[in-house]
Amino acid sequence: MLKVAGLKAGYGRTQVLFGIDLEVRAGEIVTIIGANGAGKTSTLRSISGLTQIYSGEIEFKGRPIKGLPPEEITRLGLAHCPEGRQILQRLTVEENLLAGYIPGRGRSFDEIRTQVYDMFPILKERRHSLASRMSGGQQQMLAIGRSLMATPELLMLDEPSLGLAPKIINQIFEIIITLSTSGISLVVVEQNAAVALEIADYAYVIDAGRCSVEGGANNVLNDPDLKAAYLGA
Ligand code: ATP
């Protein structure tokens with residue numbers, strides 16, 4: 001579904017990715033883990049057309065997407081739920097959902113909104129509330145709900161558990177599993193490596209802008225060296 005080969009990218013003259021290769025097969029949950037500043041967010045932002053790419057190739061559903069504008073990439077079915085959620089705080093829950101809606105993907109706003117409200121009853125209950133009044137966990141649900149308004153086939157989530165209490169983190173990961181069961185392929189970037197590896201099929205470890213390790217999530221989870229480096233064991 002997604003293939004990234006030899007991706008080099010950065011910010012102006014500051015290169016931060018030095019040749020990332022990764023692949024997501026249809027139906028998989030792929031996690032990207034690594035230390036702070038390793039390049040996880042930059043990898044997602046490059047795929048979505050938000051960070052400058054120096055070289056490399058990116059294919060989504062067999063079609064090259066490098067250089068396409070971000071909205072065109074979303075329209076093709078690849079959505080990105082950014083780090084820090086980036087909810088429109090002064091708008092209501094429902095207005096935020098409307099902001100994420102992409103017409104022309106075969107589903108009406110009402111249809112997808114109903115589906116999002118079924119998945120997140122709290123968003124329905126609070127649909128007329130200002131987003132700024134929602135808790136961190138509710139805002140993360142809103143961010144995911146807004147991404148779903150684009151009817152993605154592949155959804156990339158950047159640090160969905162950031163700043164949330166353990167109980168809420170569990171809820172968010174349950175939601176990720178539900179999304180996967182519904183047929184959406186997922187890329188999950190996480191600091192919380194242990195939880196991400198528990199639910200993922202495949203994992204990449206990024207270190208200083210390069211993929212240093214990749215493998216079945218279970219193998220990565222049980223690798224003694226990686227445990228020591230990333231899982232606090
Ligand atoms: P974190 O978990 O802290 O978000 P990360 O693995 O997602 O880390 P990135 O955010 O991709 O890493 O950062 C990779 C490198 O790029 C870091 O050295 C960071 O300082 C640098 N960087 C990120 N954004 C910018 C920017 N807008 N301008 C310049 N450098 C940046």
Side-chain angles (χ1 to χ4, degrees), residues 2-24 29-58 60 65-67 69-71 73-74 78-87 136-137 139-140 143-144 146-147 154-166 168-169 172-173 176 186-200 202-215 217 220-221 223 225-233:
L2 178 73
K3 268 189 193 166
V4 175
L7 174 65
K8 297 182 180 174
Y11 303 90
R13 281 189 290 176
T14 309
Q15 184 170 353
V16 300
L17 301 182
F18 297 89
I20 299 281
D21 299 303
L22 61 86
E23 190 167 348
V24 182
I29 303 179
V30 168
T31 188
I32 302 178
I33 59 175
N36 271 336
K40 305 179 297 295
T41 294
S42 302
T43 300
L44 295 198
R45 288 178 56 85
S46 301
I47 294 168
S48 303
L50 296 164
T51 289
Q52 185 192 349
I53 295 174
Y54 303 157
S55 62
E57 298 308 323
I58 306 175
F60 177 58
I65 57 166
K66 185 178 78 171
E71 55 279 12
I73 293 173
T74 312
L78 201 172
H80 181 174
C81 188
E83 185 175 15
R85 301 162 201 141
Q86 297 181 20
I87 290 302
Q139 291 205 15
Q140 184 59 60
I144 295 174
R146 183 184 56 185
S147 301
L154 172 64
L155 174 58
M156 302 193 296
L157 299 166
D158 196 350
E159 303 275 7
S161 77
L162 196 68
L164 303 180
I168 313 293
I169 294 178
I172 296 292
F173 277 87
I176 294 172
L186 290 131
V187 176
V188 183
V189 159
E190 261 301 335
Q191 287 281 326
N192 206 332
V195 189
L197 289 167
E198 290 278 351
I199 63 153
Y202 204 80
Y204 292 88
V205 180
I206 296 191
D207 187 11
R210 292 180 173 84
C211 290
S212 58
V213 176
E214 65 168 275
V220 174
L221 187 60
D223 182 303
D225 293 340
L226 294 172
K227 261 190 181 164
Y230 298 105
L231 305 176

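This is a predicted model, so every value here is computed, not measured. Order of listing sets the numbers, starting from 1, for every ligand and every atom in it.
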Quick check on contacts: which atoms of ligand 1 are under 4.0 angstrom from a heavy atom of [X]?
X      : answer
Glu159 : 2 (O)
Ala38  : 5 (P), 6 (O), 12 (O)
Val16  : 15 (C), 16 (O), 21 (C)
Glu83  : 4 (O)
Ala35  : 6 (O)

Exercise. Judged by modelled atom types alone, do Tyr202 and Glu214 share a side-chain donor-acceptor pair under 3.5 Å?
Worked result: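 Yes, Glu214 and Tyr202 have a side-chain donor paired with an acceptor closer than 3.5 Å.
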For this session: Please determine, by modelled atom types, if Glu83 and Thr41 share a side-chain donor-acceptor pair under 3.5 angstrom.
Result: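 Distance-only check passes for Glu83 and Thr41.
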Exercise. Checking side chain to side chain contact (heavy atoms under 4.5 Å, CB included) against Phe60, which of Val4, Ile73, Ile47, Ile65 comes through?
Worked result: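 Single pass found, and it is Ile65.
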Exercise. Side chain to side chain contact (heavy atoms under 4.5 Å, CB included) with Leu197: which of Val188, Val220, Asn192?
Worked result: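 Testing Leu197 for a side chain to side chain contact (heavy atoms under 4.5 Å, CB included) against Val188, Val220, Asn192 leaves exactly one candidate, Val220.
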Exercise. At the 4.0 Å heavy-atom cut-off, does Gly34 count as touching ligand 1?
Worked result: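 The answer is no, since Gly34 has no heavy atom less than 4.0 Å from ligand 1.
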For this session: Answer yes or no: does atom NZ of Lys8 have more than 12 heavy-atom neighbours from other residues, nucleotides or ligands under 6.0 Å?
Result: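 No, because the 6.0 Å sphere around NZ of Lys8 holds 12 heavy atoms or fewer from other groups.
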Exercise. Roughly how far apart are Cys81 SG and Met156 CE, rounded to 0.5 Å?
Worked result: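 Atom-to-atom, Cys81:SG and Met156:CE are 10.5 Å apart.
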Exercise. Rounded to the nearest 0.5 Å, how far does CG of Asp21 lie from CD of Glu57?
Worked result: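 That separation rounds to 11.5 Å.
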So which protein heavy atom does [atom] come closest to, and at what separation?
atom                    : result
atom 18 (O) of ligand 1 : Gly37 O, 3.9 Å
atom 11 (O) of ligand 1 : Ser42 OG, 2.5 Å
atom 2 (O) of ligand 1  : Gln191 NE2, 2.8 Å
atom 24 (N) of ligand 1 : Tyr11 CZ, 3.4 Å
atom 12 (O) of ligand 1 : Gly39 N, 3.1 Å

For this session: Kindly confirm or rule out an N or O of Thr41 lying under 3.5 angstrom from an N or O of ligand 1.
Result: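 N/O-N/O distance below 3.5 Å exists for this pair.
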Exercise. Thr43 to ligand 1: N or O pair under 3.5 Å?
Worked result: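 No; every N/O pair is 3.5 Å or more apart.
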For this session: Give a yes or no on whether atom 20 (O) of ligand 1 lies under 4.0 Å from any heavy atom of the protein.
Result: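 For atom 20 (O) of ligand 1 the answer is no, since every protein heavy atom stays at 4.0 Å or beyond.
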Exercise. Counting only heavy atoms on the protein side, is anything nearer than 4.0 Å to atom 15 (C) of ligand 1?
Worked result: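 Protein heavy atoms within 4.0 Å of atom 15 (C) of ligand 1 - there is at least one.
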Exercise. Do Leu164 and Ile172 come within less than 4.5 Å of each other through their side chains, counting heavy atoms only?
Worked result: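 Sidechains of Ile172 and Leu164: in contact.
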Problem set entry | side chain to side chain contact (heavy atoms under 4.5 Å, CB included) between Leu17 and Ser46, worked out | CA-CA 10 Å; Leu17 301 182; Ser46 301; 3.8 Å; yes
Exercise. What part of Asn36, side chain, backbone, both or neither, has a heavy atom within less than 4.0 angstrom of ligand 1?
Worked result: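 It is both parts that get close, each with some atom under 4.0 Å.
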Problem set entry | Side-chain donor/acceptor of Lys3 to backbone N/O of Val24, under 3.5 Å |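 No; zero donor-acceptor contacts below 3.5 Å.
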